[in-house]
Amino acid sequence: MPEPQGEKITYERGQLRVPDHPIIPYIEGDGIGPDLWRATSYAVNQAVAKAYGGQRQIVWQEVLAGEKAFKATGEWLPAHTLEALKMYRVGLKGPLTTPIGGGIRSLNVTIRQALDLYACVRPVRYIPGVPSPMRHPEKVDMIIFRENTEDVYAGIEWAANSEPARQLIDFLNNHLGTRIDPSAGIGIKPITRFGSERLIRRAIRYAIDHGRRSVTMMHKGNIMKFTEGAFRDYGYALAEREFPEQVISETALYDRYDGRLPEGKILLKDRIADITFQQVLLRPTEFDVIACPNLNGDYLSDALAAQVGGVGMAPGSNISDEIAVFEATHGTAPKYANLDKVNPSSLMLSAVMMLDHLGWSEASALLLTAMEQTIGARVVTYDLARQMDGAKEVKTSQFAEAMVERM
């Protein structure tokens, strides 16, 4: 495939170097993906053009994954797609289907693992006017850092009554004193110091760089002491070792500062997973940045998204130290495919994150403000219109056009 007429984003001395015409691969996505992509790319292109007077422009390069890739190449995830994301360092993707049957369990998980995109970053913030089950959804403003490569999502498991499962259970029962039913399915939950530290380090650095006040480690360490409990312990040790001037623990907060967080300090605390689900509902202002193992982060991300209007309003990214892939966080909704009907906000908000990642804050602000004003004017797609009094229901493409009119 010939290289697009643009320039590569580079990574030097820990910083992205973004040219004025960066090449950015995109994956259109399955089901509703094409509808979302058309609306999002139009709005993003217009925001960039208006913010920089035509001096900057994204050079989009399509790469294939999912059903479109399988039809064209016989592969669900061609090697070229992963190579392009590695080469160009930033990508934007729509929702992908999970192939039925053998082979790849999840294309999303495979991309994360193949590129070592170890942090799933999900900001959750309320946009005024969006229907919410909460009395005060405006109090929800959190950034979730979910570890992406370990925990039970590593996919290390064996079916019940399979030979590998029987062998492992036999070893555990006979050599380690467990009492596992020989007919059980069985999985492994790996959590390492390396994986935990790089995730928590990134969460702390984000809090420092963005003026956040706290980082909460969400875990179930009271039961899983040597995996999720270790995640917590690794975090406190990391903060003490690498951020002694910027971060204080909850113990130090009350022992040394009478419970009052000093200006310029980040509070590092931990909460048990089940209690966290209650407290983000009852006391959302106590949470700012949240770092958690893989499974906890998956549940919490969607639960928090529900508080601000659902996954249709939830952006996300998967990042490593040098590569970032921004994505819609919902599914493919095939029954709505090609109907120009669904809400593109998740992918658009992910594009806002992408523009911020590039350092193009003027364009990201323009895109976000246009969305807020459009929703505030009650010009929305069907999913929001059916929950709002006096709303004007528009198509996916019309929602993007209404945003551009407000830029």
Side-chain angles (χ1 to χ4, degrees), residues 1-12 14-19 21-30 33-34 36-37 40-41 44-45 57-99 103-122 145-149 153 155 198-199 202 315-329 332 346-360:
M1 180 180 293
E3 188 167 295
Q5 296 302 306
E7 301 170 75
K8 294 178 183 177
I9 296 170
T10 58
Y11 190 83
E12 301 171 13
Q15 297 291 328
L16 281 183
R17 304 298 181 198
V18 182
H21 296 82
I23 301 167
I24 296 183
Y26 72 92
I27 297 171
E28 195 173 55
D30 298 324
L36 301 179
W37 167 249
T40 298
S41 59
V44 170
N45 290 341
Q57 180 183 2
I58 294 173
V59 180
W60 299 105
Q61 178 189 13
E62 183 175 15
V63 293
L64 301 181
E67 293 173 348
K68 192 172 184 178
F70 190 75
K71 290 176 182 177
T73 69
E75 298 179 277
W76 290 98
L77 184 59
H80 172 267
T81 295
L82 295 175
E83 291 167 3
L85 292 170
K86 286 180 185 177
M87 181 183 302
Y88 298 116
R89 301 184 185 275
V90 175
L92 183 64
K93 64 177 283 295
L96 292 174
T97 191
T98 297
I104 295 174
R105 298 184 185 208
S106 164
L107 294 171
N108 294 321
V109 171
T110 301
I111 291 171
R112 294 167 194 164
Q113 292 179 341
L115 300 176
D116 196 28
L117 304 175
Y118 63 83
C120 178
V121 183
R122 295 273 297 269
F145 282 75
R146 166 191 169 194
E147 203 290 318
N148 240 353
T149 64
Y153 278 32
R198 66 179 180 173
L199 185 281
R202 192 165 201 113
S317 66
N318 296 285
I319 58 181
S320 69
D321 292 332
E322 298 188 12
I323 303 170
V325 178
F326 300 84
E327 64 179 2
T329 59
T332 59
S346 177
L347 190 60
M348 285 188 176
L349 290 169
S350 297
V352 169
M353 293 179 68
M354 183 193 74
L355 293 168
D356 279 332
H357 182 74
L358 297 178
W360 292 9

*For side-chain contact (heavy atoms from CB on, under 4.5 Å), just list the numbers for Trp60 and Val44, CA-CA rounded to whole Å, side-chain angles, deciding distance to a tenth of an Å, and then say yes or no.*
CA-CA 11 Å; Trp60 299 105; Val44 170; 4.0 Å; yes
*asked:* Assess the residue pair Leu92 and Leu347 against the criterion (side-chain contact (heavy atoms from CB on, under 4.5 Å)); give the C-alpha distance rounded to whole Å, side-chain angles, the decisive distance to 0.1 Å, and a yes or no.
replied: CA-CA 8 Å; Leu92 183 64; Leu347 190 60; 3.8 Å; yes
*Could you give me the CA-CA distance, side-chain angles and deciding distance for Val59 and Gln5, then say whether side-chain contact (heavy atoms from CB on, under 4.5 Å) is met?*
CA-CA 7 Å; Val59 180; Gln5 296 302 306; 5.5 Å; no
*Residues Glu147, Thr149; criterion side-chain contact (heavy atoms from CB on, under 4.5 Å); working and verdict*: CA-CA 6 Å; Glu147 203 290 318; Thr149 64; 2.6 Å; yes
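Rounded to the nearest 0.5 Å, atoms CD (Glu7) and OH (Tyr88) are 12.0 Å apart. The structure places CG of Leu85 at 13.0 Å from OH of Tyr26, a figure rounded to the nearest 0.5 Å. To the nearest 0.5 Å, atom OH of residue Tyr118 and atom CG of residue Asn148 are 10.5 Å apart. With values rounded to the nearest 0.5 angstrom, Ile319 atom CD1 is found 13.0 Å from Leu115 atom CG. The structure places OG1 of Thr329 at 10.5 Å from CG of Asn108, a figure rounded to the nearest 0.5 Å. Rounding to the nearest 0.5 angstrom, the gap separating the CE atom in Met354 from the NE2 atom in His357 is 9.5 Å.
Checked against Leu96 for a side-chain contact (heavy atoms from CB on, under 4.5 Å), the options Thr110, Ile27, Thr332 give a single hit: Ile27. Tested against Phe326 for a side-chain contact (heavy atoms from CB on, under 4.5 Å), the candidates Ile24, Val90, Asp356 yield a single pass: Val90.
No donor-acceptor pair under 3.5 Å is formed between the side chain of Thr81 and the backbone N or O of Leu77. Without hydrogens or angle criteria, Arg122 side chain to Pro315 main chain gives a donor-acceptor distance under 3.5 Å.
Between Ser320 and Asp116, the closest heavy-atom pair is CB-O, 3.2 Å. Listed here is the closest heavy atom pair of Pro22 and Ile9: CB-CG1, 3.8 Å. Ala328 and Pro95 get closest at one heavy-atom pair: CB-CD, 4.2 Å. When all heavy atoms are compared, the tightest approach of Ala84 to Val63 is CB-CG1, 3.7 Å. Ile23 approaches Gln61 most closely through the heavy-atom pair CG2-OE1, 3.9 Å. Of all non-hydrogen atoms in Gly66 and Leu107, the two that sit nearest each other are CA-CD1, 3.5 Å.
Pairs passing the salt bridge (charged side-chain N to carboxylate O under 4.0 Å, His left out) check and including a residue from residues 66-82, sequence neighbours excluded, read Glu28-Lys68, Glu62-Lys68. Counting only residues at least two apart or on different chains, the salt bridge (charged side-chain N to carboxylate O under 4.0 Å, His left out) pairs with a member in residues 318-327 are Arg89-Glu322, Lys93-Glu327, Arg112-Glu327, Arg202-Asp321.
Applying the ring pair (Phe, Tyr, Trp, His ring centres under 6.0 Å) rule to Phe70 yields the partners Trp76; only residues at least two apart in sequence or on another chain are considered.
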